[in-house]
2 protein chains.
Amino acid sequence: MNIYSFICHVKPRDEHKIDQIFQATLLLVKQKGLAGITMSEIAGAAKIATGTLYIYFESKEKLINELFTQCRKSSVDIYFKDYESSQPFAVGLKRIWFNLLEFRMNHFKESVFMDQCYHSPYITETTKDLTKKMIQPLYKLVERGKAEKELKELDTFMLLIFMVSGINEYVKHSVYSEKKITKASMEDLYNLMWDGIKA
Amino acid sequence: MNIYSFICHVKPRDEHKIDQIFQATLLLVKQKGLAGITMSEIAGAAKIATGTLYIYFESKEKLINELFTQCRKSSVDIYFKDYESSQPFAVGLKRIWFNLLEFRMNHFKESVFMDQCYHSPYITETTKDLTKKMIQPLYKLVERGKAEKELKELDTFMLLIFMVSGINEYVKHSVYSEKKITKASMEDLYNLMWDGIKA
DNA sequence: TTTATAAATGAATATTTATTCATTTATTTG
DNA sequence: CAAATAAATGAATAAATATTCATTTATAAA
């Protein structure tokens, strides 16, 4: 019952399959890295035939790129969830920081995949530039923090990188050592970061 | 004039080639990622024939593994350079932290390569475990810092990860945006970290 | 200078992996 | 239910890549 139903007699495309394919790819990349995946493995993990993969994605490169684009979109959506630039600085900062943490925790496979893509022949410079643009609001927030004398008067990029770097590494370590991340440990990590950057 | 010279008439192996091969591999991995390199490209970049590669390394997997092992060794050597556990805590900490930074800066290709290997089919669990063991002295140092009331009373791994995570991300960003890392910016970053972890 | 030997070469081969395609299956509409 | 059509299949093919090997080159000792 799709848009084409009115003009021709067709078996409709199963849009759920795209998600199956994406999930299978993310799982395999987490397990064996971008260097270790093949199209037939992806098909196998998605429980479809190899040929079916090519109905949905015209090549491996396209598949990787579209998955990257989707991951970036969903990451940015989460980063800025419930964030309003009208909020007080400290509130906005905490909000975004916990959103970043949430994304890394609950979308770990996506994080690993995006990290790997960044140094790969699949992702173009243009795509990388777009990724940078999407974190602009974060940059603005740090600038504001400095202007309001809430943050140390240091290079904005240094502050920004310092703010988020602990998250990536802490979640990575927790996943690999199979340690649960508790609400308390999240707060501890936030406070480490905050004590570092506050004016 | 090697050890075999006394028992047979041979053309000696050019040990310098191993380094050429390693450097070529590191360069290519930095440029296109582990997923993008081929044996013939490595040979080309090392300015030797493809077949010659197989005189020095019996397979691609062996090559990657031996390079990983060498990178890990040299990284650990640098991490603990001029560090003595007899030094006062704060001195030892600063020493190691700057050593970590130096490694990331001056051996950036090695850092990228090791990061990529970690999520790849080339590196075994055993190799990963060994890597963990080699950073034991760092773990001890943090425990000591807590015992001496110099550091916050938080989970040792969290402190450890927090201490080093900024380095990785800051150097990565600086390299890709082609910004020079100055002595002053290094001190700034250290202070961000220190203000976070100090008791 | 000759000889013995392994290094070095790169084209040839083997292997792996991406992609295609002839065939079958499922779905929608008349 | 039949017809029309695209999805789905997986074996076959094409392309890419790892590895081998017959040949040439360089070196060390006699």
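Atom set for the values below is all heavy atoms of this structure, side chains included, hydrogens, waters and symmetry mates excluded. Residue numbers begin at 1 in each chain, while the letters A, B, ... track the order of the sequences.
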Verify the contact: side-chain N or O of [X] to OP1 or OP2 of [N], cut-off strictly under 4.0 Å; return yes or no.
| X | N | result |
| --- | --- | --- |
| A:T50 | D:dG10 | no |
| A:K60 | C:dA18 | yes |
| B:K11 | C:dA4 | no |

Measuring from the side chain of [X] (C-beta onward, heavy atoms only), which nucleotide among [options] has the closest atom?
| X | options | value |
| --- | --- | --- |
| B:A49 | C:dG10, C:dA18, D:dT27 | C:dG10 |
| A:I55 | D:dA8, C:dT17, D:dA18 | D:dA8 |
| B:I48 | C:dT25, C:dA18, C:dT9 | C:dT9 |
| B:P12 | D:dA8, D:dT20, D:dA28 | D:dA28 |
| A:Y54 | D:dT25, C:dT20, D:dA8 | C:dT20 |
| A:T38 | D:dT17, C:dT17, D:dA8 | C:dT17 |
| A:D14 | D:dA28, C:dT9, D:dA8 | D:dA8 |

Just checking [X]: base, sugar-phosphate only, or nothing, at a heavy-atom cut-off of under 4.0 Å?
| X | result |
| --- | --- |
| A:L63 | nothing |
| A:Y56 | sugar-phosphate |
| A:K47 | nothing |

| request: Would you tell me whether A:S120 and B:K32 have side-chain atoms, one donor and one acceptor, within less than 3.5 Å of each other? | output: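 Not at all, the side chains of A:S120 and B:K32 share no donor-acceptor pair under 3.5 Å.
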Please report, rounded to the nearest Å, how far the [atom2] atom of [N] is from the [atom1] atom of [X].
| X | N | atom1 | atom2 | answer |
| --- | --- | --- | --- | --- |
| B:E41 | C:dG10 | CD | P | 17 Å |
| A:I18 | D:dA8 | CD1 | P | 10 Å |
| A:I37 | C:dT16 | CD1 | C1' | 15 Å |
| B:K32 | D:dT17 | NZ | P | 8 Å |
| B:E58 | D:dT19 | CD | P | 9 Å |
| B:I64 | D:dT19 | CD1 | P | 11 Å |
| A:R13 | D:dA7 | CZ | P | 5 Å |
| B:I42 | D:dT19 | CD1 | P | 10 Å |

| Option among A:T131, A:D129, A:T124 that satisfies the side chain to side chain donor-acceptor pair (under 3.5 Å) test with A:T127 |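 Among the candidates, only A:T124 passes.
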| query | So, for A:H119 and B:Y176, is the gap between ring centers shorter than 6.0 Å? | reply |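 They qualify: ring centres under 6.0 Å apart.
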| Do A:Y79 and A:F103 make the cut of ring centroids closer than 6.0 angstrom? |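 Between A:F103 and A:Y79, which both carry aromatic rings, the centre distance is below 6.0 Å.
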| message | Using heavy-atom distances to pick each residue's nearest nucleotide on DNA chain C, tell me which of A:T52 and A:M39 is more 5'. | response |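 Looking at the nearest nucleotide for each, A:M39 comes out on the 5' side.
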| task | Identify whether the distance between the nearest side-chain nitrogen and carboxylate oxygen of B:K152 and A:D188 falls below 4.0 Å. | result |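 Here B:K152 does not pair with A:D188 in a salt bridge, since their nearest N and O are not under 4.0 Å apart.
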| Which word best sums up how the rings of A:W194 and A:F89 line up, parallel for under 30°, tilted for 30 to 60°, or perpendicular for over 60°? |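 Ring orientation of A:W194 relative to A:F89: tilted.
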